[in-house]
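Everything below concerns the one structure shown next.
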Amino acid sequence: MSEKTIVEGITGVVATYELLDRVRTRQDLVVRDDQFDFTALLEAAKYAGRRRIGLSLLDTGRLGLEEIESLARAGARILTSDEARPRAGEWEILQEACRGAGTSLSVFWNGPLPGTGDASGLSFQTLEDLLRSGLDLHISNRAHPRDPAALAALAGAARKGKAYFVIYHVGPPAAELAAAAANRAWIHFPDAEIADRPAADVAVGIARSAAGAGSRAAVHIERGLALERLEELWAAGAVLLFQTPPSDDRSLLRPVERKAARRKLPARAYRLTTAFMP
């Protein structure tokens, strides 16, 4: 056995133990598929599955379908995207593997939504069928505008499949999003666009619709809102995700920050972290 082979073998063992140690000491750990080799990832997924520890794999497209499927069957929750893995047939295979392991497949959709009459590729009907089967879908309007009616239809399909349909809305909140919220969509938006009264009223309405359906609106507090606005959003059922520095204990905002920390989003209701909006 050559020195190079020995070194590579030792390096692989060290990487595996490093990953297993990270899994042991953390809950809801997210690992990219290019951080470790496949063997280390598979060992970690099996260990997490046995110990019921949340382990999510971020699929960048580096591994083949069979490898990702093996990780899913071992117990890893799979986070992929329409760019890393664009074929619906692969989603169906991974969705079945995740369902069998008691986890979920989450897809981030970055491109334009397919039209309802698409004859080739992934159609809108196929996307609805996948949501009805339990696929979690996250979608942002940062790169492409989104039709509120299409979002409401996708939310309705996800509700039937007990899946999570998550919307990230950049810009002033649109009243039409209340229809998706009423279909149990989880809707994220930043505080910068809801400082004035009309926009705040729309945001409160969306939050109330989501809470009534069993989901939440998540407001990312990046610049800060008036105490009155925060209280209105809280009362409507919104999750307040403070990215601002904690207030002084004597501040009137401090009680709001404390109670906001107790109303958390499920891991399936955000992409990777709540620290930013994709």
Side-chain angles (χ1 to χ4, degrees), residues 28-34 38 41-42 44-50 52-116 118 120-140 146 150-168 180 183-186 214-215 265-272 278:
D28 299 324
L29 177 67
V30 179
V31 182
R32 284 173 58 102
D33 62 1
D34 56 1
F38 173 69
L41 292 171
L42 186 58
K46 290 178 178 178
Y47 178 86
R50 290 194 302 268
R52 299 184 181 277
I53 298 172
L55 174 66
S56 298
L57 179 83
L58 180 59
D59 173 28
T60 67
R62 185 181 75 89
L63 297 176
L65 175 61
E66 289 185 2
E67 292 172 309
I68 296 293
E69 183 185 1
S70 296
L71 293 168
R73 293 194 183 281
R77 174 175 173 245
I78 306 299
L79 311 176
T80 190
S81 69
D82 62 332
E83 295 175 337
R85 205 161 295 276
R87 297 178 181 85
E90 293 189 334
W91 296 3
E92 292 170 354
I93 292 170
L94 294 177
Q95 171 66 7
E96 181 181 350
C98 286
R99 188 190 299 115
T103 61
S104 59
L105 173 65
S106 175
V107 176
F108 181 76
W109 189 282
N110 190 58
L113 281 170
T116 55
D118 286 5
S120 61
L122 196 155
S123 69
F124 193 85
Q125 181 63 57
T126 300
L127 199 53
E128 287 184 301
D129 291 342
L130 285 163
L131 287 165
R132 291 191 190 96
S133 75
L135 173 85
D136 291 347
L137 186 68
H138 295 233
I139 187 168
S140 172
R146 306 301 183 185
L151 296 179
L154 293 173
R159 186 174 191 174
K160 291 178 181 177
K162 297 182 180 180
Y164 279 64
F165 181 57
V166 185
I167 301 169
Y168 304 92
N183 267 332
R184 214 176 69 85
W186 302 74
S215 59
L265 287 173
R268 293 169 67 182
Y270 57 88
R271 178 75 173 178
L272 301 180

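Sequential numbering from 1 along the given sequence is applied to the chain's residues. Quantities reported herein were computed from a predicted structural model and do not represent experimental measurements. No hydrogens, no waters, no symmetry mates; every other heavy atom, side chains included, goes into these values.
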All side chain to side chain donor-acceptor pair (under 3.5 Å) counterparts of Arg99, not counting sequence neighbours: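 So Arg99 forms no side chain to side chain donor-acceptor pair (under 3.5 Å) with any residue.
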Which residues share a side chain to side chain donor-acceptor pair (under 3.5 Å) with Ser133, sequence neighbours left out: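 For Ser133 there are no side chain to side chain donor-acceptor pair (under 3.5 Å) partners, ignoring immediate neighbours.
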Pairs satisfying salt bridge (charged side-chain N to carboxylate O under 4.0 Å, His left out), at least one member in residues 130-140, at least two apart: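 The answer is Asp129-Arg132, Asp136-Arg268.
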What distance separates [X] [atom1] from [Y] [atom2], expressed to the nearest 0.5 Å?
X      : Y      : atom1 : atom2 : answer
Arg271 : Leu79  : CZ    : CG    : 5.5 Å
Leu55  : Lys46  : CG    : NZ    : 13.5 Å
Ser215 : Leu265 : OG    : CG    : 10.0 Å
Ile167 : His138 : CD1   : NE2   : 11.0 Å
Thr103 : Ile78  : OG1   : CD1   : 7.0 Å
Leu58  : Arg77  : CG    : CZ    : 10.5 Å

Chi angles and distances behind the side-chain contact (heavy atoms from CB on, under 4.5 Å) call for Leu154, Leu113: CA-CA 11 Å; Leu154 293 173; Leu113 281 170; 4.0 Å; yes
Side-chain heavy-atom pair Leu122, Trp109 within 4.5 angstrom cut-off: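 They are in side-chain contact.
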Side-chain touch Leu41/Leu63, heavy atoms, less than 4.5 angstrom: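 Result yes, sub-4.5 Å side-chain heavy-atom pair found.
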side-chain contact (heavy atoms from CB on, under 4.5 Å) assessment of Leu71 paired with Leu42: CA-CA 6 Å; Leu71 293 168; Leu42 186 58; 4.1 Å; yes
Nearest heavy-atom pair of [X] and [Y]: which atoms, and what distance?
X      : Y      : result
Leu131 : Leu135 : CD2-O, 3.2 Å
Cys98  : Ser104 : SG-O, 3.6 Å
Phe124 : Pro114 : CD1-O, 3.5 Å
Asp33  : Arg62  : O-NH2, 2.5 Å
Ser140 : Pro278 : OG-O, 3.0 Å

Side-chain donor-acceptor contacts of residues 87-94 below 3.5 Å, not counting sequence neighbours, with atom names and distances?
{"from": "Glu90", "atom 1": "OE1", "to": "Arg85", "atom 2": "NH1", "distance (Å)": "3.4"}
{"from": "Trp91", "atom 1": "NE1", "to": "Arg85", "atom 2": "O", "distance (Å)": "2.6"}

Which residues share a salt bridge (charged side-chain N to carboxylate O under 4.0 Å, His left out) with Glu128, sequence neighbours left out: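 So Glu128 forms no salt bridge (charged side-chain N to carboxylate O under 4.0 Å, His left out) with any residue.
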Test item: Tyr164 side-chain N/O and Pro266 main-chain N/O as donor-acceptor pair under 3.5 Å: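 No; judged by distance alone, with no hydrogens or angles, the pair does not exist.
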Asp82 side chain to Gly111 backbone, donor-acceptor under 3.5 Å: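 Yes: the side chain of Asp82 pairs with the backbone of Gly111.
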Residue list, ring pair (Phe, Tyr, Trp, His ring centres under 6.0 Å) with Phe165, at least two apart or on another chain: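 If we apply the ring pair (Phe, Tyr, Trp, His ring centres under 6.0 Å) test to Phe165, skipping adjacent residues, there are no hits.
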Stepwise side-chain contact (heavy atoms from CB on, under 4.5 Å) check, Ile139 with Arg146: CA-CA 9 Å; Ile139 187 168; Arg146 306 301 183 185; 3.5 Å; yes
